[in-house]
Number of protein chains: 2
Amino acid sequence: MSVLNNAADVLRCFGNDCPDLTVSDVVRLLGMPKANASRLLKAMREANMLETIGDSHRHRPGRLMLDLAAAYRRSSLLIGRASEVVAEASTTFGHTGYISVRDGKEVTAVADFQGTNALRVVSNIGRRLPAHLSATGRSLLARLGDEAVHALYTGHGVLADLTEQLSKVRHQGFAYSSQEATPGVDAIAISVADPRTDEAVSLCIVYPHALVDIKGRDEMIAALAKGAARIAEDLGDSAFVAPRI
Amino acid sequence: MSVLNNAADVLRCFGNDCPDLTVSDVVRLLGMPKANASRLLKAMREANMLETIGDSHRHRPGRLMLDLAAAYRRSSLLIGRASEVVAEASTTFGHTGYISVRDGKEVTAVADFQGTNALRVVSNIGRRLPAHLSATGRSLLARLGDEAVHALYTGHGVLADLTEQLSKVRHQGFAYSSQEATPGVDAIAISVADPRTDEAVSLCIVYPHALVDIKGRDEMIAALAKGAARIAEDLGDSAFVAPRI
DNA sequence: ACCTGAGTTCCATTTAATGGAACGACTCGG
DNA sequence: CCGAGTCGTTCCATTAAATGGAACTCAGGT
């Protein structure tokens, strides 16, 4: 199924900083003969996996792809439950919230809730972040054992640091980052899992550093923790530890 | 590229009321030999186009698919501009807002902004709606000429009715629906296009019928109209007609 | 133990993908 | 107006992969 893998490789090119692709982009990025690239993009176009932008030669993901993220959300009871919790916290506090999942060493948001405050962190759903460099990622990595984390990050340089951070996350029951990925932006994250499906998601609130003091932060942690605890209980997530604030 | 088309057919199965698929679901829905279905799902799994839910045999879209809708959004200046407008209107009025695109006779949301009011319409991003049965769909269909609409809906029964509705939409400059798709839910929609790329999007606000009178509705229309007009001017959408309230 | 339904694997056959090269379309600079 | 450069598509013989019937495995149910 070489075509399928090539098609998947093409779709992977759209990650983060590449909103569109041409035949020669694909040739450059994937190193395939341009005859193949041309036919592959054509076939993907005809299958609605891609579409051209206007009448140019630039391609973006096709309409077929638009609803799949939603199908993913619908397939998961856990994501639905987590979304309710974060949506409520987001409207209560006015800050932007996410639900994220981990994929190897990366995390990606599957749902987002825009904050309502005049100064709020803009949602970056669909952007993959390095798991070890974000609160939401660390809240998910903390669910793994030290061995599993070691296996993931072996030879990575950050391992010692990360191991220490994760043990703190495990002890606290939540992950916290202050101006880590983005200057002026703090984040809190709590993870919860569904043992029946082996899924784990992170409930996350991001907010402007200047707007929230420790007391305000702890209120948000408490709100997320309360919702997460109920989910953990209902689904039987025995690994969940209630945050200590 | 028969594999690609089969893979696309599998992905199409996830639309609306099908959150997961098994091998035999695929056999039933697509009528392919089960040997093929089994190998196809396996290949799609290995390409990250699908993933299994837990260790069951049920499949959902894979992680690879999660970011593609975001790449679609990023590829389009028009969607970005429209999102700003709807996000602002959504926070101002507290109602849920969407950006949608048309795909033949269907519309699908590409971005959503949850309302903040206690009573608000829940977002249904990723669900395809019949274009002729929704305000957002009609606001997009209204951009087509009568001939194009006729060609789309020929032999469809609704054509006469629809043509009349669309001429009203064209005259008013906005589409309106009251308790059409969902009891108790009203919607307003205004479309705007980017002539350089031939894209058209609909800016839409949905709200509980009981909460908003005509005056409130007209304020929201005015807010969307103002934003849409600016977009139309900046991008050169000469077909845009400013709503008359 | 025996069935039934779902999923996978095997194998010969058919069908489609591959990539080098030739061809067409467009742009830029002279 | 021409030629060089870039980009995309098409052609064709070769090679590799998809196909589907049948046999096989692995549950859960009786």
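Convention: sequence-line order gives letters A, B, ...; per-chain numbering from 1. Model, not experiment: these values are computed from the prediction.
Nearest nucleotide to the side chain of B:Ser24, out of D:dG20, C:dA6, C:dT9: C:dA6. Comparing atom distances between the A:Ser38 side chain and each of D:dG8, C:dG19, C:dG7 picks out D:dG8 as nearest.
Contact check for A:Asp146 versus A:His150: no side-chain heavy atoms found under the 4.5 Å cut-off. In this structure, B:Lys105 and B:His156 have side chains that are in contact, with non-hydrogen atoms separated by less than 4.5 Å. Looking at B:Arg102 and B:Leu144, their side chains come closer than 4.5 Å, going by heavy atoms from C-beta outward.
The CG atom of A:Leu30 sits 12 Å away from the P atom of C:dG19 (whole-angstrom rounding). Atom pair B:Leu4:CG and C:dA17:C1' shows a separation of 11 Å (rounding to whole Å applied). For the pair A:Met32 CE and C:dG20 C1', the interatomic distance rounds to 16 Å; values are reported in whole Å. One can place NZ of B:Lys34 at 12 Å from P of D:dA22, the figure rounded to the nearest angstrom. As rounded to whole Å, 14 Å separates atom C1' of D:dC26 from atom CG of B:Asp55. In this structure, B:Asp25 atom CG and C:dG5 atom C1' are separated by 13 Å, rounded to whole Å. Atom P of nucleotide C:dG5 and atom CZ of B:Arg58 are separated by 21 Å, given to the nearest angstrom. When the C1' atom of C:dG20 is taken as reference, atom CG of A:Asn36 falls 11 Å away, rounded to whole Å.
The residue among B:Ala35 and B:Arg28 whose nearest nucleotide of DNA chain C lies closer to the 5′ end is B:Arg28.
B:Thr22 and B:Asp25 are linked by a side-chain donor-acceptor pair at a separation below 3.5 angstrom, with hydrogens and angles left out of the test.
Side-chain atoms of B:Arg39 and base atoms of D:dG20 include a donor and an acceptor less than 3.5 Å apart.
Between D:dA18 and B:Asn6, no contact under 4.0 Å exists linking OP1 or OP2 to a side-chain N or O. Distances shorter than 4.0 Å separate some side-chain N or O of B:Ser2 from OP1 or OP2 on D:dT19.
Residue A:Lys42 is in sugar-phosphate contact alone, with no base atom involved, counting any heavy-atom pair closer than 4.0 Å across all strands shown.
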Applying salt bridge (Lys or Arg N to Asp or Glu O under 4.0 Å), run through B:Arg128 and B:Asp103 and close with a yes or a no.
CA-CA 9 Å; B:Arg128 285 171 183 263; B:Asp103 188 14; 3.2 Å; yes
